[in-house]
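Here is the structure we will look at.
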Amino acid sequence: MGMPGNGWQVMASFRKDGSVTQQKLKPGTVGRIAGYARPYVRELVLFLTLNSFAALIVVANPLLLKAIIDRGILPGRQDLVIWLAVAVAGLALVEAVLGLAQRWYSARIGEGLIYDLRSQVFAHVQRQPVAFFMRAQTGSLVSRLNNDVIGAQRAITTTLSSVVSNVLSLAMVLVTMMILSWQVTLIALLLLPIFVLPAKWVGKRLQRVSREQMVLDAEMGSLMTERFNVAGAMLAKLYGRPSEEEENFRGRAARVRDVGVVAAMYGRVFFTALTLVAALATAMVYGVGGALVVDGSFEIGTLVALATLLTRMYGPLTALSNVHVDVMTALVSFDRVFEVLDLKPLIRDRDDARPLDEARPLDKARRASDEKAPSLTKAPKAPSIEFDHVRFAYPSAEEVSLASLESIARTDTAPGREVLHDVDFTAAPGRLVALVGPSGAGKSTITHLVSRLYDVSEGAVRIGGVDVRDVTLESLRAEIGVVSQDAHLFHDTIRENMRYARPDASDAEILAALDAAQIGGLVAAMSEGLDTVVGDRGYRLSGGEKQRLAIARLLLKAPSVVVLDEATAHLDSESEAAVQRALRTALAGRTSLVIAHRLSTIREADQILVIDGGRVAERGRHEELLLQGGLYAELYRTQFSHQRDEERQTEPLGAE
């Protein structure tokens, strides 16, 4: 029949969500899309030209069949039949070549657009502040990079080519049919509602089922993601009940199965309707046209040509009847991508920002020599860290994120509460300043401001006397090394995790950093050495080993400022001792901010700041603060008594 051959494309069009046409695009969206298509203008022109030639072949074949019958077979002209048959074969060959060329240009344009958009979105998202990632759902971000980018690409390749091809094909088919027989053409057009209405009816139900399928697939995918990562799998084994986990998954999978059956049946109804209507239309042509042939109104070849052309008319007509949904779906995908690209990073370089070295000209020569031959044990010239009457409130959702990337942003519109109040201190060059205090007091927030993960609300943070907002982010973060409580490692080799700090580092430099971090012997004892894969988030290593590897990475970076955010918390005494030895190397000669979980580890700090309620409640050295008898002394006594209790509880049974 011909029609069901492109039925998949027609069904895909009708199962798209029709509500997309109610969405309003931002002004200038079409112009921005044209900007992305501009680099591919030559390929697009050639692509559309090939589509035009393909449309010509749509009507050329039926006309050749007409000539074979009327001018060759019936008059008995064998030579003409042969030549026309060769022409039909030649057209088939040309059509095949055109199809390959169309696919080539479509792929070139489509994959090029996907590359351009994905690269731009990825780079833009990477520049977003930490607050953005704390709010945005990872799955939504990945969807923008995958589904929406591919949907946007279809606007210029699939949708554009489909519209052009269908319009050209339909115009040529209708003109040709009208010339051959206006009566048959008119009857065929009157049958169009019988063809389109079932497609619309099934299409609406396919839209509902498709939405339900996507929701169920996402739920099942989320369940598998949570259970199959290391932390989730461990939690499920320790607390979960295997039979209930299996039953839960079976329930979700059963719903996916049932909806899949419904979708398959709607799809079969759709194709059955297409096939049935195409058969009825063909029967009509042969019935009416056959009667006209018998009556002598036109030739039998004309009848065959009309029947062939009819099968090539309903497909484009049906597709074009839903073209507004196709176009809007593609445009909305572009609009969703632009929504991410239009979100300006809250933390970004000022127009007049300079590299930190240029802002500190006295250090420039020294820093240049350090970069030529960075030392793992000898720190580059360390700058001071100054907090000048700093106040800070976390940004609101509207400032850092998009409602479409998170659910909480739809209702969370309250301004950020101030968490730091008039914080004022100076860490002298090469000195260690420890931050202690209750949980939630604002210690981590202070360290985040040093790396400019956030910007202060009032006051200033200065490195080497320069406001961190006046220097480039790249140069600032090149000066700062951070080791957090839960050091993150990529699912890659030890070598590549280390080179994340310095991509040009040699194996010898990596091994030297590992030795300095008290983990070189362990890596050397591994069968694959530096090629050992650490596993998802480094779970193949112990907590102490991960921390020492993170310290080795910091040493390889050779920063002048070090920030430790409870780097020894939750470690056993043996691991803590090893990490502490590694830290002595890491902190030597560097300006350091250390958040201390165990107060015994910061007795030798040059200055201890006691943070309470976002304020510096006390400051001084260890002995001075103990003598003051304030919050620090209370924290120290409490922790010391807990340690003694733990030691008693761990005594062997029967010990006196």
Side-chain angles (χ1 to χ4, degrees), residues 8 11-12 14-17 19-20 114 118 121-122 125 132-151 202-271 329 333 336 340 401-412 486-492 533-543 546 570:
W8 286 110
M11 187 180 77
F14 274 91
R15 73 186 298 166
K16 291 177 180 176
D17 191 352
S19 64
V20 73
I114 289 174
R118 276 185 179 158
V121 173
F122 183 86
V125 170
F132 171 84
F133 296 98
M134 288 181 173
R135 304 190 65 90
Q137 294 175 323
T138 303
S140 297
L141 280 174
V142 173
S143 177
R144 297 294 169 100
L145 278 165
N146 288 329
N147 300 339
D148 288 320
V149 166
I150 292 174
V202 175
K204 288 182 179 179
R205 283 149 183 80
L206 277 173
Q207 291 168 15
R208 177 179 55 79
V209 173
S210 296
R211 284 195 296 269
E212 190 174 355
Q213 272 186 313
M214 287 189 289
V215 171
L216 292 174
D217 285 340
E219 289 178 355
M220 191 167 65
S222 297
L223 178 66
M224 289 188 289
T225 301
E226 289 178 351
R227 299 305 189 271
F228 290 168
N229 68 61
V230 177
M234 187 177 297
L235 187 66
K237 290 182 182 300
L238 294 175
Y239 290 94
R241 291 163 291 279
S243 58
E244 292 184 12
E245 288 282 347
E246 184 178 349
E247 189 64 28
N248 183 18
F249 181 80
R250 283 179 178 273
R252 293 174 187 267
R255 290 166 63 195
V256 172
R257 175 201 61 198
D258 295 341
V259 172
V261 172
V262 173
M265 289 308 300
Y266 275 130
R268 177 46 57 188
V269 170
F270 187 89
F271 279 107
T329 299
S333 292
R336 283 166 58 83
V340 175
S401 188
L402 295 169
S404 58
L405 293 177
E406 52 165 322
S407 57
I408 190 173
R410 299 181 188 280
T411 55
D412 183 10
D486 184 19
H488 186 81
L489 299 175
F490 294 112
H491 186 70
D492 209 331
V533 176
V534 300
D536 185 24
R537 301 181 186 178
Y539 273 110
R540 291 182 63 184
L541 305 177
S542 70
K546 284 173 58 178
H570 310 311

Side-chain donor or acceptor of Arg540 paired with backbone N/O of Val533 under 3.5 Å: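 Yes, the answer is positive, given that a donor and an acceptor are paired below the 3.5 Å cut-off.
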
Student check: side-chain heavy atoms of Val125 and Phe133 closer than 4.5 Å: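 Yes, side chains in contact.
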
Side-chain touch Val534/His491, heavy atoms, less than 4.5 angstrom: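 Val534 vs His491: side chains apart.
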
May I have the list of side-chain donor-acceptor pairs in residues 250-264 shorter than 3.5 Å, sequence neighbours left out?
unit_1, atom_1, unit_2, atom_2, d
Arg250, NE, Glu246, OE2, 3.2
Arg250, NH2, Glu246, OE2, 3.2
Arg252, NE, Asn248, OD1, 3.4

